[in-house]
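All residue numbers refer to positions in the sequence shown, counting from 1.
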Amino acid sequence: EKGLRVQDKGFLNTAVMQSTITYIDGEAGVLHYRGYPIEQLAEKSSHLESAYLLIYGSLPTQPQYELFEREVLNHGVTHSDTAQFFRSFRYDAHPMSMLTSAFAMLGSYYSEANPSLQGQRLYTKGDAASLATMDRQIYRIIGKATTLAAMAYRIRQGREFVTPPTGLSYTASFLYQMDHIGEENYVPNPVLVKALDTLFLIHADHELNASCTTVLQTGSSLVDPYSAIAAGCASLYGPLHGGANEAVIRMLISIGKPENVPAFIEAVKRREKTLSGFGHRVYKTSDPRSFIVRKTADEVFKVTGQDQLLETAMALHDAAMKDEYFIKRRLAPNVDFWSGLIYRAMGFPLDFFPVLFAVPRVVGWLAHWRQMMLQEGGVKIWRPRQVYVGETKRDFVPVEDRV
Ligand code: SDX
């Protein structure tokens with residue numbers, strides 16, 4: 001068609017919408033949630049408080065926060081809707097695959113969420129009833145994210161699912177559901193709760209990354225939010241995206257000792273290997289989150305002891321940062337380079353790391369989904385174009401005449 005041209009492969013530089021949620025400056029290495037610098041939020045806020053900020057646009061008052069926390073926790077801790085479903089997986093199913101499937105299944109369970117079943121544009125009217133329905137889905141998806149993650153973890157250990165006691169924070173409830181194995185009055189280590197909560201907070205949103213775009217692309221057809229979130233999980237699962245935190249540890253294990261780093265760097269330069277945890281489509285100087293993760297790692301290691309891969313990670317980091325090949329391509333550590341070391345030190349299984357990215361990221365996906373549902377002029381289905389460069393018109397050839 002006339003006038004259509006490929007702007008860039010992989011949306012290298014394409015803006016498809018306006019947003020008021022998250023601001024990134026890739027040159028300055030800046031990240032703001034609703035105008036608040038990520039460094040200030042990481043130090044002074046909590047994941048759930050920042051979740052409220054991302055979704056509703058302002059920091060909550062104390063009553064607003066307490067209602068939000070209570071609704072999220074109450075909507076999240078049930079197992080009856082998914083227990084049988086989790087028992088149907090193979091013993092070695094990847095937890096990201098379980099999480100993706102479980103969210104899709106919830107869309108069939110909570111029919112109120114599925115506008116096509118209602119035969120109406122449920123969320124886009126913006127009236128009190130549809131806003132309340134939307135909020136209920138938001139509470140349930142944030143609450144369920146931790147419960148489904150804990151179920152995926154426990155089912156593989158052959159452990160029963162547990163319900164956290166009231167009075168624990170969102171992240172403490174999650175760690176309780178993960179680690180409680182029957183001890184009386186078990187309370188997760190507060191240093192580890194704080195560290196994980198900070199990691200959740202800095203993973204909560206990152207504007208139109210691949211998985212957020214997937215959620216909006218899917219949600220733009222007005223499917224229920226559970227199905228859109230499941231699509232986001234599927235996109236995040238990939239090693240180029242949220243699967244990178246798992247890939248970094250596998251890379252460090254394959255390198256082994258720090259003295260093997262130079263040989264690995266040369267293999268990367270020969271394009272035989274990828275340096276997972278480095279590079280970013282937007283950040284071309286530094287990923288501000290990587291500094292927060294690095295600092296959090298030191299806090300965690302004080303409790304858990306240092307991970308023996310840290311030496312290798314530091315040697316790899318230092319070698320890459322002063323190597324012309326990486327400097328020329330403006331490759332620096334991203335949020336995934338150090339985070340896996342923390343998850344490993346905290347005892348999470350390696351294939352669980354992308355789940356620890358998805359759990360907080362449902363907040364950012366929901367913030368963007370809600371923004372799209374309520375946008376001025378209603379929802380337009382996302383339907384990009386292409387430039388066709390294939391065969392021109394030709395006639396069918398019967399099989400006996402083909403060569
Ligand atoms: C996340 O978008 C987001 O916001 C994502 C995220 C979020 O919060 O949602 O920040 C989370 O996904 C972080 C990224 C995690 N992924 C990894 O760590 C995987 C390793 N990184 C690369 O795969 C890559 O850097 C990407 C996918 C992150 C970015 O890819 P781009 O923007 O498409 O860059 P590119 O592939 O065009 O690379 C440009 C050059 C190329 O070299 P040349 O062909 O020009 O010679 O840099 C090279 C690439 O080969 N390169 C790397 C590299 N990353 C890019 N070379 C070695 N190791 C790397 N990690």
Ser19 vs Glu207, side chain to side chain donor-acceptor pair (under 3.5 Å): CA-CA, chis, key distance, verdict: CA-CA 8 Å; Ser19 176; Glu207 54 126 291; over 6 Å; no
Aromatic contact, Tyr226 with Phe103 (centres under 6.0 Å): no
Tyr237-His94 aromatic ring centre distance below 6.0 Å: yes
Please enumerate all residues that pass salt bridge (charged side-chain N to carboxylate O under 4.0 Å, His left out) together with [X], with sequence neighbours excluded.
X	result
Arg289	Asp287
Glu39	none
Glu66	none

Go through the structure and list residues passing side-chain hydrogen bond (donor to acceptor under 3.5 Å, both in side chains) with [X], not counting sequence neighbours.
X	answer
Asp81	Tyr110, Lys144
Arg281	none
Ser254	none
Arg329	none

Derivation and outcome, ring pair (Phe, Tyr, Trp, His ring centres under 6.0 Å), residues Phe352 and Tyr153: CA-CA 8 Å; Phe352 206 77; Tyr153 179 65; 5.4 Å; yes
Give a yes or no on whether [X] atom [atom1] has more than 12 heavy-atom contacts from other residues, nucleotides or ligands under 6.0 Å away.
X	atom1	answer
Lys194	NZ	yes
Gln18	CD	no
Lys269	NZ	yes

Pairs where residues 177-213 contributes a residue and the test ring-ring contact (aromatic ring centres under 6.0 Å, His included) is met, not counting sequence neighbours: His47-Phe200, Phe174-Phe200, Tyr176-His180, Tyr176-Tyr186, His180-Tyr186, His203-Phe357, His206-His280, His206-Tyr283
Full working for side chain to side chain donor-acceptor pair (under 3.5 Å) between Ser45 and Glu49: CA-CA 6 Å; Ser45 185; Glu49 183 182 66; 2.6 Å; yes
Residue pairs fulfilling side-chain hydrogen bond (donor to acceptor under 3.5 Å, both in side chains) with at least one residue in residues 22-34, sequence neighbours excluded: Thr20-Arg34, Thr22-Asp205, Glu27-Arg330
Side-chain heavy-atom pair Phe348, Val355 within 4.5 angstrom cut-off: no
Verdict with supporting geometry, Leu73 and Ser173, side chain to side chain contact (heavy atoms under 4.5 Å, CB included): CA-CA 9 Å; Leu73 290 175; Ser173 295; 4.0 Å; yes
Identified ring pair (Phe, Tyr, Trp, His ring centres under 6.0 Å) partner of Tyr52 from the options Tyr65, Tyr170, Phe68: Phe68
Lys/Arg N to Asp/Glu carboxylate O, Glu299 vs Lys295, below 4.0 Å: no
NZ/NE/NH1/NH2 to OD/OE distance under 4.0 Å, Asp298 and Lys302: no
Those residues that, when tested against Gln306, pass side-chain contact (heavy atoms from CB on, under 4.5 Å) (two or more places apart): Phe301, Leu310, Glu311
Leu99/Met96 under side chain to side chain contact (heavy atoms under 4.5 Å, CB included): CA gap, chis, key distance, verdict: CA-CA 5 Å; Leu99 190 70; Met96 266 311 281; 4.2 Å; yes
Closest contact, heavy atoms only, Ala42 versus Ile202: CB-CG2, 4.3 Å
Contact summary for Asp197 and Ser46, nearest pair of heavy atoms: OD2-CA, 3.3 Å
Contact list for residues 337-357, test salt bridge (charged side-chain N to carboxylate O under 4.0 Å, His left out), sequence neighbours left out: Arg156-Asp351, Asp307-Arg344
Test side chain to side chain donor-acceptor pair (under 3.5 Å) applied to Gln157 and Arg154, step by step: CA-CA 5 Å; Gln157 297 173 322; Arg154 294 181 78 93; 5.4 Å; no
Ser290 side chain to Trp338 side chain, donor-acceptor N/O pair below 3.5 angstrom: no
Residues Gln64, Thr61; criterion side chain to side chain donor-acceptor pair (under 3.5 Å); working and verdict: CA-CA 5 Å; Gln64 285 171 332; Thr61 61; 3.2 Å; yes
Could you list the donor-acceptor pairs under 3.5 angstrom formed between side-chain atoms of residues 394-403 and any protein atom two or more places apart in sequence or on another chain?
{"residue": "Arg402", "atom": "NE", "partner": "Val397", "partner atom": "O", "Å": "2.7"}
{"residue": "Arg402", "atom": "NH2", "partner": "Val397", "partner atom": "O", "Å": "2.8"}

